[in-house]
Amino acid sequence: MTHREKYRIAVLGTGHIGKTLARSLATAGHFVKVANSRGSETIDPDVLETGAEASDTASAVQDAQVVILSIPMAKLADIAPLIRNLPQDVIVADTSNYYPHRDGIIDNFSDGEVESQWAAHLLNRPLIKAWNAIGSDSLARKGTTAGSPVRIAIPVAGNMEEHKIVIVDFVNDTGFDAFDAGNLEESWRQQPGAPCYCTDLTYGQMKSALASAEKVRLPVRRDIAVQAIQERMGDKRTNPNADYIVRLHRALFM
């Protein structure tokens, strides 16, 4: 498979990140099937208006070359049997983040285990970590053409270079610069609370942000940000806009 081949992609999850990825990758010419846990009939028409096809989960992954997981971390166990049985050449990308208020307490993370390493072990396959460190409003609205001096960078981590190359190209397709963030073991540097997390940095700013991350500080900073967002939003179901998220996270994480 060459970089610029059009891929068969399954996007699992139609939350704020998943629906934007389905739209963007279909716009780029890829063959996208999108599924959620509630059934294909519940997928909003706007998710499909650029060419993605609504599907159930099993059908979506059946002949996919790439599977993008965009579901809460606590729900990964529900689809683990399906993902474990995929052929080894299928690329699996993980966009998820751990938030205790949503996912419950996962003891492994209290002991410092890297989120995507835990997910890779649960799914029994290699993962590429991408699109987890950008806010949903930025992902939906701030993509630009390659070469723009203000183009936002997205860190991409993983241990299989041939898989990473494909996801790097997909990041470009969604309107952002991909920054090689190293192996999955180092992907904690792009978890919630880290300097690069939802701070809308350029490619030139990303290296120092990743290097300056302090693992022990991430959970505290993550939880302070959640409290601030919850206080601001109250019972609203929508996410805060990018301007607020970036200001808040830069103040807390950098």
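Predicted model, so just to flag it, every value in this text is computed and none were measured.
- Taken to the nearest 0.5 Å, the CD atom of Glu115 stands 8.5 Å off from the CG atom of Leu218.
- For the residue pair Asn132/Thr95, the side-chain donor-acceptor check at 3.5 Å is not satisfied.
- Cluster annotation: Ile106 is not connected to Trp188 through the hydrophobic network of ILVMFWY side chains, with a link wherever side-chain heavy atoms come within less than 4.5 Å.
- To the nearest 0.5 Å, atoms CD (Gln117) and CG (Asn108) are separated by 11.5 Å.
- For the pair Ala64 and Val90, the tightest heavy-atom approach, listed with the atom from each and the gap, is O-CG2, 3.5 Å.
- Judged as a salt bridge (charged side-chain N to carboxylate O under 4.0 Å, His left out), not a single pair has a partner in residues 33-46 (not counting sequence neighbours).
- Put simply, the side chain of Lys164 gets close to the backbone of Gly158: a donor and an acceptor are under 3.5 Å apart.
- In this structure, the ring pair (Phe, Tyr, Trp, His ring centres under 6.0 Å) partners of Phe109, at least two apart in sequence or on a different chain, are Tyr98, Trp118.
- Side-chain N/O atoms of Gln191 and Asn97 include no donor and acceptor closer than 3.5 Å.
- Remark: the backbone N or O of Pro192 is not paired with any side-chain donor or acceptor of Arg222 at under 3.5 angstrom.
- How far NE2 of His30 is from OG of Ser24: 10.5 Å, rounded to the nearest 0.5 Å.
- Cluster annotation: Ile152 is not connected to Met254 through the hydrophobic network of ILVMFWY side chains, with a link wherever side-chain heavy atoms come within less than 4.5 Å.
- Qualifying ring pair (Phe, Tyr, Trp, His ring centres under 6.0 Å) partners for Phe253, counting only residues two or more places apart in sequence or in other chains: His249.
- In terms of hydrophobic clustering, with Ile, Leu, Val, Met, Phe, Trp and Tyr side chains grouped at heavy-atom distances under 4.5 Å, Val92 and Ile68 are assigned to different clusters.
- Remark: the backbone N or O of His16 is not paired with any side-chain donor or acceptor of Ser136 at under 3.5 angstrom.
- For Arg221 (side chain) and Ala194 (main-chain N/O), no donor-acceptor pair under 3.5 Å exists by modelled atom type.
- In terms of heavy atoms, Ala211 sits closest to Arg189 at O-NH1, 3.5 Å.
- Counting only distance, with no hydrogens or angles, the side chain of Asp173 and the backbone of Ala28 share no donor-acceptor pair below 3.5 Å.
- Judged by distance alone, the side chains of Asp137 and Asn241 never bring a donor and an acceptor atom under 3.5 Å apart.
- Put simply, the side chain of Arg84 reaches to within 4.5 Å of the side chain of Leu122, judged on heavy atoms.
- Around NZ of Lys142, the count of heavy atoms belonging to other residues, nucleotides or ligands within 6.0 Å exceeds 12.
- The shortest heavy-atom contact between Ala157 and Asn183 is CB-O, 3.8 Å.
- Summarising the geometry, atom SG belonging to Cys198 is positioned 12.0 Å from atom CG belonging to Leu252; distances are rounded to the nearest 0.5 Å.
- Counting only heavy atoms from C-beta outward, the side chains of Met206 and Cys196 approach each other to under 4.5 Å.
- Residues Thr20 and Trp131 are not in side-chain contact: their nearest non-hydrogen atoms beyond the backbone lie 4.5 Å or more apart.
- Shown here for Thr202 and Ala153, the closest heavy-atom pair between the two residues is C-CB, 3.7 Å.
- Phe176 and Phe170 end up in the same hydrophobic cluster when Ile, Leu, Val, Met, Phe, Trp and Tyr side chains are linked at under 4.5 Å.
- Put simply, the side chain of Lys207 does not reach to within 4.5 Å of the side chain of Asp180, judged on heavy atoms.
- Between the Asn36 side chain and the Gly39 main chain, a donor and an acceptor come within less than 3.5 Å of each other.
- Taking the side chain as every heavy atom from C-beta outward, Ile154 and Asp177 never approach each other to under 4.5 Å.
- Side-chain contact between Leu86 and Leu82 is absent, with no heavy atoms from C-beta onward closer than 4.5 Å.
- In the hydrophobic clustering of this structure, Ile79 does not group with Val32; members are Ile, Leu, Val, Met, Phe, Trp, Tyr whose side-chain heavy atoms approach within less than 4.5 Å, directly or through other members.
- Side-chain contact annotation: Lys19 with Thr14, donor-acceptor N/O pair under 3.5 Å absent.
- Contacts of Arg125 classified as salt bridge (charged side-chain N to carboxylate O under 4.0 Å, His left out), with partners at least two apart in sequence or in another chain: none.
- Around the CZ atom of Arg217, the shell of radius 6.0 Å holds no more than 12 heavy atoms that belong to other residues, nucleotides or ligands.
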Contacts table for residues 47-55: side-chain donor-acceptor under 3.5 angstrom, sequence neighbours left out:
| from | atom 1 | to | atom 2 | distance (Å) |
| --- | --- | --- | --- | --- |
| Glu49 | OE2 | Arg23 | NH1 | 2.7 |
| Glu49 | OE2 | Arg23 | NH2 | 3.3 |
| Thr50 | OG1 | Arg23 | O | 2.9 |
| Ser55 | OG | Ala60 | N | 3.2 |

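- Checking Ser40 against Asp56 by side-chain atom types alone, no donor-acceptor pair falls below 3.5 Å.
- Of the possible donor and acceptor atoms, none in the side chain of His163 sits under 3.5 Å from a partner among the backbone N and O of Ile91.
- Closest of all the heavy-atom pairs between Ile83 and Leu69 is CD1-CD2, 4.1 Å.
- Here the CG-CG distance, from Leu76 to Leu12, works out to 10.0 Å after rounding to the nearest 0.5 Å.
- By the ring pair (Phe, Tyr, Trp, His ring centres under 6.0 Å) test, Tyr244 is found to be paired with no residue, residues two or more places apart in sequence or in another chain being considered.
- Nearest approach of Ala178 to Val168, heavy atoms of both residues: CB-CG1, 3.7 Å.
- Ring-plane geometry between Tyr197 and Tyr99 is classed as tilted, the angle between the planes lying from 30 to 60 degrees on a 0 to 90 degree scale.
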